[in-house]
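Given the structure is predicted, the values throughout are model-derived calculations rather than measurements.
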Amino acid sequence: MSTESTASPQDTASTEDSASTEGIADLSYEEARDELVAIVSRIEGGSASLEESMELWERGEALAAHCQAKLDQAQDQLDRGAAGAADPAGTAETAGTAKPAGTADETASDDEAESDDADA
């Protein structure tokens, strides 16, 4: 009787993928960035085997995606904060009722000023 594993290469690959991304969701941006820097140094150093380098690469990709998601989340928070600060009274929703810049009154006075300049 044989004790060989019947796992297919695809099963093995998915197990390795989940192992290479394990725990990333729990990392802060700084922790993920620091680990990514260490992975890049290790791969560039050439001391890892090809198989280990591939595993490191996969984890590095997952870490980079995690860092980007954290940065995107921070940017969204900043954008929402800036929008709130620019419109503290909450008038952005009623902005359609305000008279926009460049309306007929302003345009007419600008046109008069230009014609006055032309007459001079």
Find the distance between [atom1] ([X]) and [atom2] ([Y]) and round it off to the nearest 0.5 Å.
X	Y	atom1	atom2	answer
L71	H66	CG	NE2	10.0 Å
Y29	L63	OH	CG	11.5 Å
E51	L56	CD	CG	11.0 Å
L36	E61	CG	CD	9.0 Å

Worksheet, complete the sentence: Closest non-hydrogen contact found for L27 with E35 is CD1-OE1, 3.7 Å

Discussion item. Could you tell me if the side chain of R59 sits less than 4.5 Å from the side chain of I24, heavy atoms only?
Written reply: yes

Report, one line per pair, each donor and acceptor closer than 3.5 Å where one atom sits in a side chain of residues 38-50; sequence neighbours left out.
unit_1: S41; atom_1: OG; unit_2: V37; atom_2: O; d: 3.1
unit_1: R42; atom_1: NH1; unit_2: E52; atom_2: OE2; d: 3.1
unit_1: R42; atom_1: NH2; unit_2: E52; atom_2: OE2; d: 2.3
unit_1: S49; atom_1: OG; unit_2: E52; atom_2: N; d: 3.1

